Amino acid sequence: MKPSTQHEIVHSRSERHSKRKKPKRLKKMLWIIIFILFILAGSTAGFMYGTPQGLSFRKMLVGSVLSTQHARYVKYMTFLLPQNEIDALKKLAKHPPTKQTTINQKTLPLDYKKKKQNQAIKVDTIETQNYTAKVLIIPDPTTVHLVPSQLKDQGQGLSDIIKENNGVAGINAGGFVDKGGTGSGGQVIGIVISEGKVLDVPSAGRDKAELVGAFLSDGQFITGNYSVNQLMKLGVTEAVSFGPQLIVDGKNQVTSSIDAAWGWAPRTAIGQAEDGKVVMIITDGRFYWNKTHRGASMSDMEHLMETYHVKNAISMDGGGSTTMINNGQLLLKPATQTSIGMRYLPNAWVVIPN
């Protein structure tokens, strides 16, 4: 064994002396950390439960869970909101207030009809602290179609739906019953009309009104609470159920209560600008594609639509269903895990050139 040098002996003594001091320093540091955590917890609790902003934040947290396929777990969130308030949010999410779009008897602007053949689809990207948004601007609304999955009792990936219908771009559209959380996208919810043909009706029948987004044969986009029979009388060629409404006749339809009922999530929405262009918007969220992005609120989506002078707009299915493709490119990574990298959808809004 190598003998210890004088330097090593001194160093060893210094270590023993330091070790005797460490327990006291560690204990002191531990109490400081506990004190800081106590102050932070007190401040957070004061904000969360003692301010209007804190109440709004708690509601948004509950709404964020309500808008997922795991909404059943909201029953464990009564530490954030009492059960009666949670029930009120559930009711609002299921039956949001609606307003009928005023149908323009003059159809679309003449200048739009002259220019539409010379314009291409445009893609914008908007970055914020809480989400990334992708925006598709489609000059010709008559090229936008509601296209269903071609598989029986099974959804398809957006890429397949677009490819099989000779499309060039698109987004996810309506919702579906997801028993067991498998994401098969097979059992459609509500009304689905494609190329003037009624593909799905509410369980209550053709006279049961549902909140829809729809296109008339001239390319005019409308939204409101309509039955299948009413839509057919109006001359609707494409329609699907979902919601809530974002903008109707140029007026914001999103209230703080609507925001709370849906919380933050990846979002999909469709609308039409004053000049006839169709605007499709998606965002990421749930810390999936970007680990710092919680997602967008319905107010966020309404503000984005306002940026593009949208006159009528409605939200589509969000969360893991949110998907956008343009020219074969997936524009944001969907918040879901499947073998094809995107959720199986019951239908989609697809741009099919005339």
Side-chain angles (χ1 to χ4, degrees), residues 48 56-77 79-81 86 89-90 92-94 96 125-136 155 157-159 171-185 189 242-244 246 254 256 258-270 280-305 314-325 330-346 348:
M48 291 280 282
S56 176
F57 186 77
R58 285 184 282 130
K59 287 182 176 180
M60 292 294 286
L61 290 176
V62 172
S64 297
V65 176
L66 278 175
S67 64
T68 72
Q69 61 180 342
H70 306 297
R72 61 188 180 277
Y73 295 122
V74 168
K75 63 184 178 182
Y76 300 115
M77 300 182 75
F79 66 95
L80 289 175
L81 290 176
I86 292 176
L89 292 181
K90 286 182 179 179
L92 187 58
K94 192 171 182 179
T125 301
I126 299 173
E127 296 284 357
T128 76
Q129 181 179 355
N130 297 316
Y131 60 85
T132 297
K134 292 288 184 178
V135 185
L136 281 182
L158 180 59
S159 55
I171 56 172
N172 64 292
F176 57 95
V177 176
D178 191 17
K179 292 182 179 179
T182 60
S184 64
I189 297 175
F242 216 78
L246 302 174
V254 181
S256 58
I258 291 292
D259 256 348
W262 273 269
W264 298 292
R267 299 285 184 212
T268 302
I270 183 171
M280 299 177 177
I281 301 178
I282 69 164
T283 74
D284 66 340
R286 292 182 184 163
F287 311 102
Y288 196 86
W289 187 70
N290 184 308
K291 302 305 180 185
T292 67
H293 286 179
R294 68 189 182 196
S297 66
M298 289 301 173
S299 284
D300 291 328
M301 298 303 287
E302 191 277 334
H303 294 328
L304 287 170
M305 286 290 182
I314 187 171
S315 178
M316 293 286 106
D317 193 11
S321 294
T322 288
T323 318
M324 177 182 284
I325 290 176
L330 188 64
L331 297 188
L332 284 178
K333 184 179 179 181
T336 190
Q337 293 184 1
T338 68
S339 59
I340 60 172
M342 61 189 81
R343 181 165 284 177
Y344 299 96
L345 305 173

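Quick caveat, the model's predicted, so the values are computed rather than measured. Note: hydrogens, waters and symmetry copies are ignored here, and every other heavy atom, side chains too, is used.
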Does [X] reach the main-chain N or O of [Y] with its side chain, forming a donor-acceptor pair under 3.5 Å?
X      : Y      : answer
Tyr131 : Pro266 : no
Asp284 : Leu332 : no
Thr323 : Ser321 : yes
Arg58  : Leu80  : yes
Ser64  : Trp264 : yes

Please say whether more than 12 non-hydrogen atoms of neighbouring residues, nucleotides or ligands are located less than 6.0 Å from CD in Gln129. no
Please step through side chain to side chain contact (heavy atoms under 4.5 Å, CB included) for the pair Leu246 and Met298, ending with a clear verdict. CA-CA 7 Å; Leu246 302 174; Met298 289 301 173; 4.0 Å; yes
Reported [atom1]-to-[atom2] distance for the pair [X] and [Y], which is rounded to 0.5 angstrom:
X      : Y      : atom1 : atom2 : value
Lys134 : Thr125 : NZ    : OG1   : 2.5 Å
Arg343 : Thr322 : CZ    : OG1   : 9.0 Å
Ile325 : Ile171 : CD1   : CD1   : 11.5 Å
Lys333 : Asn290 : NZ    : CG    : 11.5 Å
Ile86  : Lys59  : CD1   : NZ    : 11.5 Å

Start with the C-alpha distance between Met301 and Thr283, add both sets of side-chain angles, then the distance that settles side chain to side chain contact (heavy atoms under 4.5 Å, CB included), and finish with yes or no. CA-CA 9 Å; Met301 298 303 287; Thr283 74; 3.7 Å; yes
For Ser315 against Thr268, the heavy-atom pair lying closest together: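 Heavy-atom minimum between the residues: OG-O, 3.5 Å.
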Shortest non-hydrogen contact between Trp262 and Ser67, atoms and distance: O-OG, 3.3 Å
Check whether any side-chain heavy atom of Leu330 lies under 4.5 Å from a side-chain heavy atom of Ser159, and answer yes or no. no
What do the steps show when you test Asp300 against Ser297 for side-chain hydrogen bond (donor to acceptor under 3.5 Å, both in side chains), and what is the final call? CA-CA 5 Å; Asp300 291 328; Ser297 66; 3.1 Å; yes
